[in-house]
2 protein chains.
Amino acid sequence: MNSQQKERKKRDTSKKHKLIMEKAVEVFISKGYDSASMDGIAETAGVSKRTVYNHFQSKENLFQEIIAAFLADRDRIKPMDYAKNRPLEEQLLSFARAELYLIDDPLRRGLSRLLTSVFLMDSELGNATRGQYSPHAGLIRWIEAARDEGRLSCDSPALAARIFYGLVEGCITWGAMMSDGKNLQGLDPLLDEIIAVFLSRYGTGS
Amino acid sequence: MNSQQKERKKRDTSKKHKLIMEKAVEVFISKGYDSASMDGIAETAGVSKRTVYNHFQSKENLFQEIIAAFLADRDRIKPMDYAKNRPLEEQLLSFARAELYLIDDPLRRGLSRLLTSVFLMDSELGNATRGQYSPHAGLIRWIEAARDEGRLSCDSPALAARIFYGLVEGCITWGAMMSDGKNLQGLDPLLDEIIAVFLSRYGTGS
DNA sequence: TCTATACTACACCGTTGAGTGTAGTATAGA
DNA sequence: TCTATACTACACTCAACGGTGTAGTATAGA
């Protein structure tokens, strides 16, 4: 009834909301989900525990919101490629770098580690989260386009895409998560080699 | 002083010890380390909680013993290959299958998932455990031998080995852990493709 | 300046879980 | 049969943690 009066006063709490999320990410990354306590998060954020609960219904809720923000950030990066007459190496490199976005920054790498760790032990959550996400689709389309122009040769673009992402993830991503990025020194030669491997199997020599 | 008398009576408790470990593995796999309770483990094993603590100092101790047994089991499988005049494909396949030993059985796969999840969030433990373990060494030696015979061509056997394991892990292992082995159907064509990719880059055509 | 809103400080609750102590029972080995 | 050993049942401690309630304070917006 008097809703217009009630809505007159509404302070902007997004700053604190964001602050709590950022600090919570830090705590979750360093302790893991279970071992991270809401008291610890509140203290790290320099905020009372009650404020945390005023912003987030529960620990799980807070975590979900962090996951959502992370995935949204990642998805903003994803769609960046298309078939052209630029060198194949260059375009494949951009696919690889998009994939490596998840681990080329300490914070994102920490979150990737955390989420991977959680998803490994909670298949339902993992599948639900990863369900609507098909990272290979873009590369498959790219491979088909390149094949149509005779620049690639393969029976199954899906298989080739799987090989490519397998190479990138197997050679780089997982090691980076495991060793906290210590294997990211001298990355470029490795990336070049990965692309060379891929093209020696599927390339036609332009 | 009268130690020979004391040692006369010693019952064989290894059966129960093993039973507890096996049941604990089940619980750890299904719940994760943190959420698995010692009460739950005792109940699953059909044993009193006190007995669990008579066999294992602490939860962490029990977990460590499980890890050790798992790694020992895996290491027993590892050293199985050497250079010969058998087809390269065949020998590479055996390297790949040795790697897939970790995930080709539901129990081992569960343990791999659990340990990976734990190691991801506890770098110290992960590094300490993985420290004395160099899985690439065998393949590197194999590649050097094959190169010496002119059957492979590469500048850096270490890099080639990294590519090979990256392919196997990236294309198969990680997906199997994430999806609980649902991607292990139709594995052979994928393995063949992986080996074909590797040989198209490093093979010389015998 | 005034007031609704956000926030703090702090006590509090209920639960869970690791680990212990103990008294009594079952059993393997002599 | 005898006895030391393994085991059980159970009560218990202690600490941590998720979450709530509240009274009071600071502050943004009118």
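Computed from heavy atoms alone, side chains included, the values below leave out hydrogens, waters and symmetry copies. Labels below follow one simple rule: chain letters A, B, ... track the order of the sequence lines, proteins then strands, and each chain is numbered from 1. None of these values were measured; they are calculated from a predicted model.
Rounded to an integer number of Å, the gap from B/Lys59 NZ to C/dT20 P is 15 Å. Summarising the geometry, the separation between CZ on A/Phe56 and P on D/dT20 is reported as 15 Å, rounded to the nearest angstrom. In this structure, A/Glu43 places its CD atom 14 Å from C1' of D/dA16, rounding to the nearest Å. Atom P of nucleotide C/dC10 and atom CZ of A/Arg50 are separated by 16 Å, given to the nearest angstrom. If you measure from atom CG of A/Asp34 to atom P of C/dT16, you get 15 Å, rounded to the nearest angstrom. Residue A/Asn61 contributes atom CG, which lies 9 Å from atom P of D/dG19 at whole-angstrom precision. D/dC7 atom P lies 10 Å from atom CG of B/Asp12, rounded to whole Å. Note: CG (B/Asn54) to P (C/dG19) measures 14 Å, nearest angstrom.
Judged as a side chain to side chain contact (heavy atoms under 4.5 Å, CB included), and not counting sequence neighbours, the contacts of B/Arg201 are A/Glu193, A/Ala196, A/Val197, A/Ser200.
The only member of B/Val168, B/Asn183, B/Thr116, B/Ile103 that meets side chain to side chain contact (heavy atoms under 4.5 Å, CB included) when paired with B/Trp174 is B/Thr116. Among A/Phe95, A/Tyr165, A/Phe164, the one residue that satisfies the ring pair (Phe, Tyr, Trp, His ring centres under 6.0 Å) test with A/His136 is A/Tyr165. Between A/Arg109 and the choices A/Leu184, A/Asp104, A/Leu102, A/Leu100, the side chain to side chain contact (heavy atoms under 4.5 Å, CB included) rule is met once, by A/Leu184.
Here A/Lys49 lies in heavy-atom contact (under 4.0 Å) with a base. At the heavy-atom level, B/Thr51 lies under 4.0 Å from base atoms of the strands shown. Among the atoms of the strands shown, none is found under 4.0 Å from any heavy atom of A/Ala42. Using a 4.0 Å heavy-atom criterion, one finds that A/His17 contacts no nucleic acid atom at all.
At C/dC7, none of the side-chain N or O atoms of A/Ser48 fall inside 4.0 Å of OP1 or OP2 (strictly under the cut-off). Neither OP1 nor OP2 of C/dA6 sits under 4.0 Å from any side-chain N or O of A/Thr13. For the OP1/OP2 pair of D/dA6 and a distance below 4.0 Å, the side-chain nitrogens and oxygens of B/His55 include no atom meeting the criterion.
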Scan the side chains in residues 19-30 of chain B for donor-acceptor partners under 3.5 Å anywhere in the protein, sequence neighbours excluded, and list what turns up.
unit_1: B/Ser30; atom_1: OG; unit_2: B/Glu26; atom_2: O; d: 3.3
unit_1: B/Ser30; atom_1: OG; unit_2: B/Val27; atom_2: O; d: 3.3

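Summarising the geometry, atom CG belonging to A/Leu125 is positioned 8.5 Å from atom CG belonging to A/Leu115; distances are rounded to the nearest 0.5 Å.
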Check: Based on Watson-Crick and G-U pairs with both distances under 3.5 Å, what dot-bracket line describes DNA chain C 5' to 3', crossing pairs as [ ] and inter-strand pairs as |?
Finding: ||||||||||||||||||||||||||||||
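Positionally, the nearest nucleotide of DNA chain D for A/Ser35 lies more toward the 5' end than for the other of A/Gln57 and A/Ser35.
The side chain of B/Lys16 approaches D/dC7 more closely than any other nucleotide in the set C/dT20, D/dC7, D/dG19.
Salt bridge status for A/Asp34 with B/Lys31: absent, with no side-chain N to carboxylate O gap under 4.0 Å.
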